[in-house]
Amino acid sequence: MKKRENNMQWRLLTYTTLVALLCHSPSVLQAAEIDDLAQLTLSKANDLFTVNNRELLLSERYLEGAKADTLTAAQRPNPTFSLNTNNFNLQGSNGNGGLSNRTVDTIARIEQPIERGNKRALRMALAQNAVQASELDLRDAFRLQKQTLYIAYYDLLLAQQSEEILQSNQALYQNMLNAAELRLKAGDISSTDAARIRIDVLRAQNDLRQAQAERQKAQADLAYLIGKEQQANVIRINDSWPETTTAIIPASEDQLDQRPDIQAAMARIQVANENRKLAQAFTTRDITIGMQYEHYPSAGGGGGGNNNGRNTIGAGFSIPLFTGYQYQGEIARAEVDYTTAMEAEDRIRANAVGEVSRARADLDAAIEKVNRYDQNMLLEAEKTAHAAEFAYQHGAMGVTDLLDARRVLRALQIDAATAHADFAKSLASWRAAINPGDN
């Protein structure tokens with residue numbers, strides 16, 4: 001009995017291990033990933049975008065580089081060490097014995113530059129402000145790329161719906177052509193009417209093929225943004241359009257000030273201001289202090305001199321003399337950069353105000369279009385098409401009028417889907433314009 005229990009426990013452990021290996025095998029994980037892409041939602045697209053978007057990764061590298069610059073800015077100048085030997089006698093001997101007994105003058109000197117004018121603190125402040133600007137650039141890149149993601153996402157959803165509408169339309173035309181061929185043989189319709197139906201079948205096939213191409217291009221655009229180019233052909237949106245009743249957050253000046261592009265421009269004004277102070281600090285002379293040790297041995301052996309040797313120490317300092325150039329170019333350039341940064345902030349703010357106005361105008365127009373299509377135009381077109389079908393089947397309408405009714409319905413269906421896509425993209429642009437933290 002105990003042996004049987006041990007065998008059962010061993011089998012259970014073996015099965016558990018196999019299941020764990022299977023669940024973590026690359027093929028299973030890849031299949032799960034493909035399944036997610038084949039039923040992609042906006043939430044899943046956001047997750048993939050945050051991890052894989054290449055523009056965001058590039059902005060992160062810029063931020064890391066700016067943080068590395070803070071280490072450079074905080075460093076003090078390194079000291080220098082020099083060793084000089086002179087007083088070699090080219091005509092004879094410098095004494096006998098080892099090198100330490102040679103009658104040559106050896107000087108060991110160490111020098112330390114000392115910065116003045118608060119240059120190190122100014123460099124550190126400049127670097128920290130540059131880091132802040134880079135962090136805000138990363139946020140702005142996230143805002144803009146996420147807006148691009150939403151546009152690509154809804155472009156694909158529109159392409160899918162357009163393709164579905166045209167597939168249904170082609171099937172309808174094909175069924176109509178099959179019925180027309182039978183009626184033509186029976187003499188119920190003329191060959192001209194049958195020819196018109198054939199032309200519309202071919203036209204529907206062309207429209208469907210173009211819609212398939214648009215869908216494939218939309219898949220490629222979205223795949224790049226979420227880092228799944230190799231699986232672009234399996235991406236399919238499993239989502240619906242946002243409702244026009246979605247709460248529209250009103251614009252305010254405070255929200256505009258929170259936009260990362262405006263904040264980054266303000267941070268760059270601080271960078272330019274610190275750089276201006278640093279350029280002015282160049283006119284404050286740095287000094288270099290030094291200490292030295294000098295060894296001059298006594299003449300020995302056959303040197304024949306009366307030198308008793310000496311070992312001495314000394315100290316000194318040096319300062320630059322601004323006799324020709326006093327950093328006028330650096331100061332002038334820093335002033336120009338400061339003015340440029342202020343003008344850039346004003347330009348970015350003005351563009352942001354215009355972006356908000358344009359986004360609101362597009363959003364209001366898109367809401368009205370969607371409501372008109374959903375509440376009036378599409379319903380009337382469907383009624384007209386159904387009435388035309390009924391009239392044609394009972395001989396009260398010609399084939400030309402029927403085809404026209406179907407064309408109008410198909411065009412309005414595609415236009416309605418386009419209106420929904422315009423609203424979804426306008427809503428994303430509006431949120432990006434006024435509320436980048438909740439886009």
ask   = Would you say Tyr62 has more than 12 foreign heavy atoms packed within less than 6.0 Å of its OH?
value = no
task = Let me see the working for Ile226 and Asn53 under side chain to side chain contact (heavy atoms under 4.5 Å, CB included), right down to the final yes or no.
result = CA-CA 6 Å; Ile226 62 176; Asn53 185 265; over 6 Å; no
query = What residues, two or more places apart in sequence or in another chain, satisfy side chain to side chain contact (heavy atoms under 4.5 Å, CB included) together with Glu163?
reply = Gln167, Leu208, Ala211, Gln212, Arg215
ask   = If we only count heavy atoms from C-beta on, is the Tyr153 to Asp239 side-chain gap below 4.5 Å?
value = yes
message = Can you tell whether the side chains of Glu345 and Arg349 come within less than 4.0 Å, N to carboxylate O?
response = yes
ask   = Taking it one step at a time, do Glu164 and Arg236 satisfy salt bridge (charged side-chain N to carboxylate O under 4.0 Å, His left out)?
value = CA-CA 13 Å; Glu164 291 171 359; Arg236 187 167 184 83; 2.7 Å; yes
request  = Could you walk me through whether Glu60 and Arg54 pass salt bridge (charged side-chain N to carboxylate O under 4.0 Å, His left out), step by step?
outcome  = CA-CA 10 Å; Glu60 289 176 359; Arg54 291 175 175 80; over 6 Å; no
Derivation of the side-chain hydrogen bond (donor to acceptor under 3.5 Å, both in side chains) call for Tyr373 and Gln413 = CA-CA 9 Å; Tyr373 275 110; Gln413 287 173 334; over 6 Å; no
ask   = Does Gln292 use its side chain to pair, donor to acceptor, with the backbone of Ser82 at less than 3.5 Å?
value = no
Gln263 and Arg139 side chains, donor-acceptor separation under 3.5 Å = yes
request  = With His295 as reference, evaluate Thr312, Asn311, Thr85 under the side chain to side chain donor-acceptor pair (under 3.5 Å) test and give the passing residue.
outcome  = Asn311
task = Name all pairs fulfilling the salt bridge (charged side-chain N to carboxylate O under 4.0 Å, His left out) condition that reach into residues 66-84, sequence neighbours left out, sorted by first residue then second.
result = none
query = Taking 4.0 angstrom as the limit, do Glu335 and Arg333 come out as a salt bridge?
reply = no
message = For Asn233, give me all partners under side chain to side chain contact (heavy atoms under 4.5 Å, CB included), at least two apart in sequence or on another chain.
response = none
Set of ring pair (Phe, Tyr, Trp, His ring centres under 6.0 Å) partners for Tyr325, sequence neighbours left out = Tyr327
inquiry  = So for atom OH, which belongs to Tyr293, do other residues, nucleotides or ligands contribute more than 12 heavy atoms lying within a distance under 6.0 Å?
reply    = yes
Backbone N/O of Ala267 and side chain of Asn129: donor-acceptor pair under 3.5 Å = no
Gln270 side-chain N/O to Met266 backbone N/O, donor-acceptor pair under 3.5 Å = no
ask   = With a 4.5 Å limit on heavy-atom distance, are the side chains of Asp346 and Met342 in contact?
value = no
request  = State whether the side chain of Thr70 and the backbone N or O of Ala66 hold a donor-acceptor pair below 3.5 Å, judged by distance alone.
outcome  = no
key: Shortest non-hydrogen contact between Pro79 and Pro113, atoms and distance   = CA-CD, 4.4 Å
inquiry  = Let's go through Leu256 and Val356 carefully: what are the C-alpha distance in whole Å and the side-chain angles of both, what is the deciding distance for side chain to side chain contact (heavy atoms under 4.5 Å, CB included) to 0.1 Å, and is it a yes or a no?
reply    = CA-CA 9 Å; Leu256 200 63; Val356 169; 4.0 Å; yes
inquiry  = How long is the straight-line distance from CG of Leu56 back to CG of Leu225, given to the nearest 0.5 Å?
reply    = 9.5 Å
message = As a quick check of understanding, evaluate side chain to side chain contact (heavy atoms under 4.5 Å, CB included) for Leu278 and Arg123, giving each step before the final call.
response = CA-CA 7 Å; Leu278 183 60; Arg123 283 199 311 270; 3.9 Å; yes
query = Does any N or O in the side chain of Asn238 come within less than 3.5 Å of the main-chain N or O of Leu40, such that one atom is a donor and the other an acceptor?
reply = no
task = Check the pair Arg410, Asp415 against salt bridge (charged side-chain N to carboxylate O under 4.0 Å, His left out), reporting the backbone distance first and the verdict last.
result = CA-CA 9 Å; Arg410 181 195 64 189; Asp415 288 345; over 6 Å; no
key: Atom CZ of Arg61 with >12 non-hydrogen neighbours under 6.0 angstrom   = yes
query = Yes or no on salt bridge (charged side-chain N to carboxylate O under 4.0 Å, His left out) for Lys217 and Glu214, after CA distance, side-chain angles and deciding distance?
reply = CA-CA 5 Å; Lys217 289 188 289 185; Glu214 295 297 329; 3.3 Å; yes
remark   = Smallest heavy-atom separation, Leu158 atom then Thr418 atom, equals CD1-N, 3.5 Å
Partners meeting ring pair (Phe, Tyr, Trp, His ring centres under 6.0 Å) with Phe49 (sequence neighbours left out) = Phe142
ask   = Which pair of non-hydrogen atoms, one from Ser429 and one from Gln147, has the smallest distance, and what is that distance?
value = OG-NE2, 2.9 Å
query = Once you round to the nearest 0.5 Å, how far does CG of Asp364 lie from CH2 of Trp430?
reply = 8.0 Å
key: Point-to-point distance, once rounded to the nearest 0.5 Å, from CG of Leu363 to NZ of Lys425   = 13.5 Å
Stepwise side chain to side chain contact (heavy atoms under 4.5 Å, CB included) check, His420 with Gln161 = CA-CA 11 Å; His420 278 281; Gln161 290 195 357; 6.0 Å; no
query = Within a strict 4.5 Å, meaning less than it, do heavy atoms of the Lys228 and Asn52 side chains meet?
reply = yes
query = Has Arg285 got its NZ or CZ under 6.0 Å from the middle of the six-membered ring of Phe322, at an angle within 45 degrees of the ring axis?
reply = yes
ask   = Is it true that atom CG of Leu83 has more than 12 heavy atoms of other residues, nucleotides or ligands lying nearer than 6.0 Å?
value = yes
key: Short side-chain donor-acceptor distance under 3.5 Å, Arg276 and Asn273   = yes
query = Do Asn275 and Tyr338 have a side chain donor and acceptor closer than 3.5 Å?
reply = no
query = Are any side-chain N or O atoms of Lys119 and backbone N or O atoms of Arg116, one a donor and one an acceptor, separated by less than 3.5 Å?
reply = yes
task = Would you indicate whether Glu243, at its atom CD, is surrounded by more than 12 heavy atoms from other residues, nucleotides or ligands within a distance under 6.0 Å?
result = no
message = Working to the nearest 0.5 angstrom, can you tell me the gap between Leu122 CG and Lys277 NZ?
response = 7.0 Å
task = Without swapping roles, check the side chain of Tyr150 against the backbone of Ala424 for a donor-acceptor pair under 3.5 Å.
result = no
message = Less than 4.0 angstrom from a charged side-chain N to a carboxylate O is my criterion; do Arg407 and Asp200 meet it?
response = yes
ask   = Which atom pair, heavy atoms only, marks the closest approach of Tyr154 to Ala421?
value = O-CB, 4.3 Å
key: Asp261: partners by side chain to side chain contact (heavy atoms under 4.5 Å, CB included), with sequence neighbours left out   = Asp140, Arg143, Arg259, Ile348
